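The analysis underlying the following values was restricted to heavy atoms, covering all of them including side chains, and did not include hydrogens, waters or symmetry mates. For clarity, every value in this text was computed on a predicted model and none was experimentally measured.
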Amino acid sequence: MTLHIGIIGTGWFSRVHADIIKGMNGVKLQAVCGTSLSKAEHMAQDYEAKGYGHLKDMLDSERLDAVYICVPPMSHGEIELELIRRGIPFLVEKPLGLDAELPRRILEQVEATGILTSVGYHFRYAQTVDRLKAMVNTHKVGMALGKWMGSMPGVAWWRQQNGSGGQCIEQTTHVVDLLRYVAGEVDEVYALYGKRVKHELEPNVEVADVGTITLKMRSGLIANISNTCVLPGDSDISETGLSFYTNQGILDWSPQRLSVQASGIQTNYTANNQPYIQENEAFIHALRTGDKSLIRSDYADAFKTQQVTCAALESATRGMPVAVLTI
């Protein structure tokens with residue numbers, strides 16, 4: 001039986017998922033919904049799909065087995081609630097929204113209906129993360145340091161606080177989520193954000209361009225995650241990763257590799273899988289079989305990451321530590 005999939009969003013990341021779907025056996029990208037009919041039809045023609053300019057038109061016209069939601073943070077809410085109302089499973093790209101309150105309302109409906117969900121925290125699917133998690137569980141970890149150091153994306157909504165929510169909520173959330181996945185829940189955060197460069201160089205920049213967050217983990221581990229988007233956008237300079245300092249040495253992870261330093265020996269591991277593909281395969285497998293065990297981040301779990309990043313924004317705004325009230 002062929003599964004028929006819809007995608008909401010016509011940006012670059014929508015095409016990442018569309019290309020993966022196109023390469024799957026027994027899966028058809030049936031429809032694309034965009035902010036305009038012309039954008040949707042332009043993307044849809046590359047996949048022999050139908051384009052729509054309005055969500056309800058797509059859902060009324062097509063019989064879809066699932067929908068992928070690839071929209072900016074400020075666009076979440078009605079999309080998820082309409083899909084839940086119609087009983088259509090969805091895979092949604094991070095983050096879940098601009099704050100924690102709207103995702104909380106969506107989560108209540110997800111749990112009330114039992115609808116299948118997946119969230120795009122693809123780092124979790126890397127083979128090196130499997131190894132990292134196993135090592136963290138067998139080492140005594142003292143502290144962890146994470147980072148997302150890069151340039152500011154060029155799209156206008158990313159630079160607006162009510163468009164992206166800021167770098168931590170929109171981007172560094174991947175590192176926050178990986179910390180949770182590998183080392184457990186966060187009880188408290190204290191964050192400092194600042195505007196150092198971008199607001200002086202470019203117009204209409206509201207979001208902070210530097211920030212650092214100290215996280216108190218439930219296990220007792222202390223972590224820090226820092227980010228910046230001040231690096232020049234015309235270069236390939238960037239740093240993303242998460243390091244653990246343990247009684248046996250250093251576990252240093254980046255999307256490209258895992259480096260283990262212990263007893264004067266450094267061992268490097270590279271991932272042989274493609275996390276985006278594995279993420280999609282896990283969701284499609286669950287659609288076909290009802291087996292959700294391969295999905296590493298569903299809506300309920302991703303909501304906990306959303307709570308941490310939103311607590312960090314609150315802390316930076318109030319200038320004081322904020323408890324993370326996880327569900």
Side-chain angles (χ1 to χ4, degrees), residues 3-9 13-14 17 30-35 52-122 124 162-165 169-170 173-174 176-177 180-181 185-186 279-280 282-311 313-314 324-327:
L3 295 176
H4 296 89
I5 308 297
I7 284 184
I8 303 170
F13 219 80
S14 298
H17 284 296
Q30 185 74 19
V32 176
C33 182
T35 53
Y52 294 89
H54 298 282
L55 174 62
K56 290 186 178 181
D57 289 346
M58 181 179 78
L59 299 181
D60 288 342
S61 301
E62 306 286 352
R63 296 189 63 179
L64 299 175
D65 296 292
V67 169
Y68 283 52
I69 306 171
C70 305
V71 300
M74 74 283 189
S75 299
H76 291 284
E78 292 184 9
I79 294 171
E80 290 90 339
L81 293 172
E82 183 65 21
L83 292 173
I84 294 169
R85 188 179 72 81
R86 295 176 184 244
I88 301 175
F90 59 86
L91 184 153
V92 57
E93 272 303 327
K94 45 48 63 187
L96 303 182
L98 294 172
D99 56 26
E101 293 313 307
L102 175 60
R104 187 189 300 274
R105 289 198 289 114
I106 294 171
L107 177 59
E108 290 172 353
Q109 295 301 310
V110 166
E111 294 186 328
T113 59
I115 197 165
L116 175 67
T117 62
S118 179
V119 180
Y121 283 111
H122 67 282
R124 292 186 175 212
N162 63 0
S164 67
I169 287 176
E170 202 285 324
T173 182
H174 276 298
V176 174
D177 184 77
R180 282 192 52 250
Y181 182 63
E185 299 304 336
V186 179
E279 174 187 71
N280 275 267
F283 181 60
I284 296 301
H285 174 77
L287 284 175
R288 288 194 185 283
T289 67
D291 174 17
K292 305 175 186 178
S293 63
L294 300 181
I295 294 176
R296 297 190 176 186
S297 177
D298 61 10
Y299 202 93
D301 192 275
F303 177 69
K304 295 179 181 179
T305 296
Q306 185 79 11
Q307 285 181 297
V308 176
T309 59
C310 290
L313 176 60
E314 180 184 351
V324 180
L325 303 176
T326 54
I327 55 174

Contacts table for residues 66-77: side-chain donor-acceptor under 3.5 angstrom, sequence neighbours left out:
from	atom 1	to	atom 2	distance (Å)
Y68	OH	N280	OD1	2.7
H76	ND1	E80	OE2	2.6
H76	NE2	P95	O	3.1

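- Judged purely by atom type and a 3.5 angstrom limit, T117 uses its side chain to pair as donor or acceptor with the backbone of Y299.
- For K56, the side chain to side chain contact (heavy atoms under 4.5 Å, CB included) test picks out D60, E82, R86, with sequence neighbours left out.
- The two residues Q306 and A100 have their closest heavy-atom pair at CG-CA, 4.4 Å.
- When each of T173, D177, V324 is checked for a side-chain contact (heavy atoms from CB on, under 4.5 Å) with T309, only T173 meets the rule.
- Between V176 and V308, the shortest heavy-atom distance links the atoms CG1-CG1, 3.6 Å.
- Contact between A300 and E111 at its shortest, heavy atoms only, is CB-OE2, 4.2 Å.
- Residues satisfying the side-chain hydrogen bond (donor to acceptor under 3.5 Å, both in side chains) test with E93, not counting sequence neighbours, are H17.
- Side chain of S14 to backbone of G9: a donor-acceptor contact under 3.5 angstrom is found.
- The NZ atom of K292 sits 12.5 Å away from the NE2 atom of H285 when rounded to the nearest 0.5 Å.
- Using a 4.5 Å heavy-atom cutoff, the side chains of L64 and M58 are in contact.
- With a 4.5 Å cut-off on side-chain heavy atoms, R296 and E279 do not count as touching.
- In terms of heavy-atom proximity, S61 sits nearest to Y52 at CB-OH, 3.3 Å.
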C310 vs I169, side-chain contact (heavy atoms from CB on, under 4.5 Å): CA-CA, chis, key distance, verdict | CA-CA 7 Å; C310 290; I169 287 176; 4.1 Å; yes
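- Considering every non-hydrogen atom in both I84 and F90, the closest pair reads CG1-CE2, 3.9 Å.
- Between the side chain of Q30 and the backbone N or O of H4 there is no donor-acceptor pair closer than 3.5 Å.
- The distance from the CD1 atom of I284 to the OG1 atom of T289 is 11.0 Å, given to the nearest 0.5 Å.
- Here the CG-CD distance, from L81 to Q109, works out to 6.5 Å after rounding to the nearest 0.5 Å.
- K304 NZ to Y181 OH: the interatomic distance, rounded to the nearest 0.5 Å, is 14.0 Å.
- Taken to the nearest 0.5 Å, the CD atom of E78 stands 10.0 Å off from the CD1 atom of I106.
- Between F283 atom CZ and L116 atom CG the span is 5.0 Å, to the nearest 0.5 Å.
- Looking only at side-chain heavy atoms (C-beta outward), R105 and E101 stay at 4.5 Å or farther from each other.
- Side chain of D99 to backbone of L102: a donor-acceptor contact under 3.5 angstrom is found.
- Taking each heavy atom of A302 and Y121 in turn, the nearest pair found is CB-CE1, 3.8 Å.
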Check the pair R124 / D301 against side-chain contact (heavy atoms from CB on, under 4.5 Å), numbers first and verdict last.
-> CA-CA 12 Å; R124 292 186 175 212; D301 192 275; 2.6 Å; yes
